[in-house]
Amino acid sequence: MVHLWVRGEQRPNEERVGLTPQGAAALIAQGFRITIEDSPHRCLPLQPYLDAGCTAAPFASWPQAPGDAIIFGLKELPDDGTPLSHRHILFGHAYKGQPDGPRLLARFRAGGGVLYDLESLVDEAGRRVAAFGYWAGFAGAGVSVKAWLAQQAGGLCPPVRRWADKAAMIADLAAAMPAEKPSALVIGALGRVGTGAADLCAALGIAVTRWDIAETAHGGPFPAVLEHDLFFNCILARPGCPVFVPADTPTRPRRLRVIGDIACDPGSAYNPVPVYDHVTDWAEPVVRVHDAPPLDVMAIDNLPSLLPIESSEDFAAQLLPHLKTLAQIDQGVWGRARAVFERHAG
């Protein structure tokens with residue numbers, strides 16, 4: 001019997017969950033045992049999970065879970081250096097040269113555990129089977145527009161907090177939008193992230209230039225980026241990724257005022273937006289990299305949490321068919337994810 005342990009997220013401002021009560025009920029009907037940690041901030045309440053047949057556990061008690069339990073969460077674990085002995089499903093951010101990656105993999109090696117990275121869950125053609133990309137794009141564009149609006153008032157983007165839903169986000173931004181709206185360029189416009197960013201812009205009446213592989217295959221330079229008010233990078237950093245915003249961009253003549261680095265991988269050696277060096281957060285949504293004229297970079301790395309209910313329900317629906325196959329964890333998407341872990345863990 002598969003024992004799936006759904007942990008409460010320990011990262012600040014993280015309310016998402018990868019399994020809904022309805023999904024839990026479907027797994028239990030299939031013979032799963034599901035433990036769900038209580039959480040002070042999960043966007044979905046505990047009681048419906050209990051009604052579905054889950055067993056409750058205290059918040060952050062997963063290190064004491066039985067050895068055969070599969071620990072399922074979304075964002076990173078506390079970086080406390082303890083060995084990891086369980087099988088974990090999460091976004092590890094450990095395979096693309098990120099600075100925290102070696103420490104995480106060393107913890108798995110020390111404890112004998114296994115990382116099934118959610119980014120590595122791919123089908124036979126290499127396509128990811130579940131992603132928050134659309135909501136990252138939608139929310140990231142929303143925060144970037146908020147930063148542009150703050151610039152128009154002579155200020156810096158104020159702190160952000162979760163919106164009730166996407167309609168509330170649109171209404172909030174539309175209420176402050178001037179008659180002369182900004183222009184936007186989206187790179188990666190045909191993907192999930194780019195589609196979300198473009199949809200947010202369209203909902204606000206912002207003109208969008210949509211680029212994808214055909215427009216970027218020549219490798220650059222890309223002067224059109226500087227000719228738009230807003231630029232959204234929706235391309236994952238990987239070997240061969242071109243530089244879209246060169247390091248000297250802040251001092252160049254430009255119309256560009258806000259970069260929404262939705263892919264958000266400043267620690268990667270392949271970062272296509274090398275004008276900043278750290279992620280931003282809800283308290284300080286942008287980093288100003290130049291003052292006159294202003295240039296702000298939005299690089300929040302948990303954007304879907306700004307719309308936690310919609311993004312959780314969407315992601316959970318994508319992932320559920322694959323959770324149902326955990327009894328065959330050495331096969332299919334899980335087997336491929338483990339192979340990736342083994343290559344990197346060494």
Side-chain angles (χ1 to χ4, degrees), residues 1-11 14 16-19 23-24 27-28 30-39 54-123 126 128-131 265 267-268 301-302 315-316 319-346:
M1 178 175 61
V2 175
H3 183 186
L4 188 64
W5 185 292
V6 182
R7 60 180 173 85
E9 298 294 331
Q10 294 170 259
R11 174 183 171 147
E14 186 52 78
R16 290 174 294 167
V17 61
L19 181 69
L27 294 177
I28 290 169
Q30 190 176 304
F32 280 54
R33 175 186 175 191
I34 299 181
T35 300
I36 184 160
E37 293 183 357
D38 197 1
S39 169
C54 300
T55 301
F59 177 63
S61 60
W62 60 265
Q64 289 78 50
D68 65 346
I70 301 171
I71 312 301
F72 176 30
L74 295 177
K75 297 302 286 185
E76 61 268 25
L77 303 169
D79 189 9
D80 58 12
T82 56
L84 297 170
S85 59
H86 291 93
R87 294 169 292 175
H88 282 262
I89 301 171
L90 75 153
F91 288 105
H93 303 298
Y95 301 153
K96 297 186 296 180
Q98 294 97 329
D100 295 337
R103 281 202 308 278
L104 178 64
L105 294 175
R107 293 172 66 190
F108 277 106
R109 286 195 299 271
V114 178
L115 169 62
Y116 294 90
D117 195 306
L118 286 161
E119 284 193 3
S120 299
L121 297 185
V122 298
D123 62 17
R128 287 179 60 184
V129 300
D265 216 350
S268 171
D301 65 355
N302 65 332
F315 181 83
L319 187 62
L320 182 60
H322 307 285
L323 291 176
K324 289 181 176 180
T325 69
L326 277 171
Q328 296 81 42
I329 197 168
D330 293 328
Q331 303 173 24
V333 297
W334 306 106
R336 285 187 283 273
R338 176 156 190 168
V340 175
F341 167 73
E342 299 289 356
R343 286 200 303 272
H344 286 85

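No hydrogens, no waters, no symmetry mates; every other heavy atom, side chains included, goes into these values.
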Report summary line: d(M1 CE, Q30 CD) to nearest 0.5 Å is 13.0 Å
Query raised in the report: If we only count heavy atoms from C-beta on, is the R343 to Y95 side-chain gap below 4.5 Å?
Result: no
Query raised in the report: How are the rings of Y116 and W334 set relative to one another: parallel (under 30°), tilted (30 to 60°) or perpendicular (over 60°)?
Result: perpendicular
Query raised in the report: Do you know the tightest heavy-atom contact between E119 and D117?
Result: N-OD1, 2.8 Å
Query raised in the report: Does the side chain of I71 reach to within under 4.5 Å of the side chain of L90, using non-hydrogen atoms?
Result: no
Query raised in the report: Please, which pairs that meet salt bridge (charged side-chain N to carboxylate O under 4.0 Å, His left out) have at least one residue in residues 66-84, sequence neighbours excluded?
Result: R11-E76, D79-R103, D80-R107
Query raised in the report: Who pairs with A57 by side-chain contact (heavy atoms from CB on, under 4.5 Å), at least two apart in sequence or on another chain?
Result: W5, T35, E37, S61
Query raised in the report: Does R109 reach the main-chain N or O of A345 with its side chain, forming a donor-acceptor pair under 3.5 Å?
Result: yes
Report task. Answer yes or no: is there a side-chain heavy-atom contact under 4.5 Å between L27 and L326? Result -> no
Query raised in the report: Tell me, do F91 and L74 make a side-chain contact under 4.5 Å, heavy atoms counted?
Result: yes
Report summary line: In this structure, CG of L105 is separated from CG of L115 (nearest 0.5 Å) by 7.0 Å
Query - Min side-chain heavy-atom separation L19-I36 under 4.5 Å - result: no
Query raised in the report: Is the shortest heavy-atom distance from the side chain of R338 to the side chain of V114 under 4.5 Å?
Result: yes
